[in-house]
Enquirer: 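What follows is a structure written as structure tokens; I'll ask about it next.
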Amino acid sequence: MLNFKCPNCDGEMSVDRHGDLHCSYCDSKFNFTDRDLAEYKEFRYNMLYYLSCIANRTAAGEDTERLWRQATEVSFITEGGAEISIRCIYESSAKGCECYTARNNLLLIMSAAQAEQFAAGCKYLTYPSADVRELSQYFPVITGQYSLKDGRKLISLSKPEEVFPLGAFGSLPPVHAAWIVSRLENLCCVMEYSGVTHGDITLDNLFINARTHELYLLGGWQNAEKRRSRDDLIMMRRTVKKLMGRLADKAPKEFTDFLDRKDPPDAYTDFSDWDKVIEVGFGGRRFEKLDLTALGG
């Protein structure tokens with residue numbers, strides 16, 4: 001399943017009632033082939049069905065199998081002539097990096113230089129000695145690197161089975177975007193502690209477990225720098241706005257004001273300010289079931 005992106009603003013495009021690709025961010029429209037439309041509808045239906053089971057706490061192995069039955073096989077040839085094949089449910093590409101979501105792995109295809117930078121970026125991270133939340137699990141764990149016949153590198157990352165690209169879910173309402181902000185604030189504090197700027201917090205690089213409300217920052221580490229900045233906090237806001245799309249109109253004022261902040265403080269202070277938004281704007285922390293009508297199902 002390909003992630004359809006707007007060539008004008010890089011936002012995720014959806015299918016409108018006329019069967020065309022429509023960008024909810026810049027209002028651009030593009031033609032959709034019959035084949036792509038059918039594949040999109042099937043993928044979207046299966047994803048929403050899976051989310052419905054999660055919302056009702058009835059998700060079982062068969063529901064997971066139903067979603068993965070739509071996976072397609074993708075193959076790569078190493079420089080030594082060996083074939084690497086995976087079953088992939090979702091593909092995306094950005095900034096010269098291709099990303100393939102398999103069942104228990106994430107495969108990244110990039111130039112050799114980017115691969116070297118990716119591995120180095122992952123090593124920038126450090127964690128407090130009392131990391132009781134084990135936040136390290138939400139960052140990349142490289143399980144393999146392979147040189148491909150075309151000169152590029154394949155990096156394999158481990159991931160839990162129920163973890164999917166955030167971009168696969170389409171627009172989410174504010175109440176669900178809020179828990180994503182909470183998780184991102186946690187990760188930004190880790191990067192603040194490490195003195196690291198990720199530099200590419202986008203829908204392509206974020207992955208979530210919708211059942212457990214966990215978020216993973218797995219992609220984009222080839223752009224990381226060993227320096228502190230507020231760039232990640234600014235990019236987080238931009239990405240969350242894209243995630244909500246037109247559903248952002250339903251956000252409480254406190255949430256909107258928080259996302260519109262042009263000059264956020266350090267990550268620790270920003271996280272503290274976000275707690276106030278949760279309490280005042282959303283009435284405190286609570287687990288919200290996924291609403292399929294809001295998701296456009």
Side-chain angles (χ1 to χ4, degrees), residues 1-13 23 25 43 71-79 83-125 138-160 163-169 180 184 187-188 191 196-208 215-227 229 231-232 234-236 238-240 242-243:
M1 171 63 198
L2 289 171
N3 181 14
F4 298 102
K5 289 194 165 187
C6 176
N8 291 332
C9 72
D10 203 36
E12 185 196 358
M13 294 185 290
C23 179
Y25 310 112
F43 174 82
T72 57
E73 188 166 304
V74 181
S75 298
F76 307 94
I77 305 298
T78 68
E79 64 178 0
E83 183 177 17
I84 299 175
S85 296
I86 62 161
R87 289 188 58 76
C88 167
I89 198 173
Y90 193 84
E91 305 172 30
S92 65
S93 63
K95 298 181 179 180
C97 175
E98 298 174 9
C99 178
Y100 299 85
T101 303
R103 195 157 190 165
N104 297 296
N105 299 91
L106 186 69
L107 297 189
L108 305 176
I109 312 295
M110 60 184 71
S111 69
Q114 285 179 312
E116 185 176 345
Q117 292 166 346
F118 186 97
C122 294
K123 292 178 181 178
Y124 289 154
L125 293 168
Y138 303 116
F139 293 99
V141 174
I142 298 176
T143 57
Q145 295 190 58
Y146 307 89
S147 297
L148 299 182
K149 186 176 181 180
D150 64 7
R152 295 183 297 171
K153 286 275 190 177
L154 183 154
I155 295 179
S156 174
L157 308 178
S158 63
K159 78 167 187 66
V163 171
F164 298 99
L166 184 54
F169 293 84
I180 289 169
L184 276 170
L187 302 191
C188 283
M191 292 186 287
V196 173
T197 296
H198 179 270
D200 200 16
I201 296 180
T202 63
L203 295 177
D204 289 313
N205 295 325
L206 296 171
F207 296 75
I208 64 170
L215 179 139
Y216 300 73
L217 180 53
L218 300 181
W221 285 93
Q222 65 271 28
N223 303 293
E225 297 180 69
K226 189 64 175 175
R227 66 180 178 88
S229 78
D231 294 351
D232 289 338
I234 294 170
M235 187 165 287
M236 172 190 72
R238 187 183 310 146
T239 297
V240 171
K242 278 191 174 185
L243 175 64

Enquirer: For R87, which residues count as a salt bridge (Lys or Arg N to Asp or Glu O under 4.0 Å) partner, sequence neighbours excluded?
Expert: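 With neighbours one apart ignored, the set is empty.
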
Enquirer: To the nearest 0.5 Å, what is the distance between CZ on R103 and CD1 on I86?
Expert: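 The CZ atom of R103 sits 13.5 Å away from the CD1 atom of I86.
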
Enquirer: Test of understanding: with salt bridge (Lys or Arg N to Asp or Glu O under 4.0 Å), list the residues that count as partners of E225, not counting sequence neighbours.
Expert: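 Listed in chain order: R227.
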
Enquirer: Which value, rounded to the nearest 0.5 Å, describes the distance between L218 atom CG and K159 atom NZ?
Expert: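 The distance works out to 9.0 Å.
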
Enquirer: Can you name the residues that form a side chain to side chain donor-acceptor pair (under 3.5 Å) with T101, not counting sequence neighbours?
Expert: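 In terms of side chain to side chain donor-acceptor pair (under 3.5 Å), with neighbours along the sequence ignored, T101 is linked to no residue.
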
Enquirer: Scan the side chains in residues 108-116 for donor-acceptor partners under 3.5 Å anywhere in the protein, sequence neighbours excluded, and list what turns up.
Expert:
| residue | atom | partner | partner atom | Å |
| --- | --- | --- | --- | --- |
| S111 | OG | Q114 | N | 3.1 |
| S111 | OG | Q114 | OE1 | 3.4 |
| Q114 | OE1 | S111 | N | 3.2 |
| Q114 | NE2 | K95 | O | 3.1 |

Enquirer: Can you sort out the partners of Y124 under ring-ring contact (aromatic ring centres under 6.0 Å, His included), two or more places apart, ordered by chain and number?
Expert: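 Applying ring-ring contact (aromatic ring centres under 6.0 Å, His included) to Y124 gives none.
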
Enquirer: Nearest 0.5 Å, what's the CG-NE2 distance between D231 and H198?
Expert: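 One gets 12.5 Å once the value is rounded to the nearest 0.5 Å.
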
Enquirer: Looking at every heavy atom in both E83 and S75, which two are closest together, and how far apart are they?
Expert: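 Looks like OE2-OG, 3.1 Å.
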
Enquirer: Report the distance from atom OG1 of T239 to atom CG of L184, rounding to the nearest 0.5 Å.
Expert: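 The CG atom of L184 is 8.0 Å from OG1 of T239, to the nearest 0.5 Å.
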
Enquirer: Is the centre of the Y90 ring less than 6.0 Å from the centre of the F207 ring?
Expert: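 No, too far apart.
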
Enquirer: Could you go through W221 and V196, starting from their C-alpha distance and side-chain angles, then the distance that decides it, and tell me whether this counts as side chain to side chain contact (heavy atoms under 4.5 Å, CB included)?
Expert: CA-CA 11 Å; W221 285 93; V196 173; 4.2 Å; yes

Enquirer: Can you tell me if NZ on K226 sees more than 12 non-hydrogen neighbours from other groups inside 6.0 Å?
Expert: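 Correct, the count exceeds 12.
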
Enquirer: Only counting residues at least two apart or in another chain, list the ones meeting side chain to side chain donor-acceptor pair (under 3.5 Å) with N205.
Expert: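 Once residues adjacent in sequence are excluded, the partners of N205 under the side chain to side chain donor-acceptor pair (under 3.5 Å) criterion are D200, T202.
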
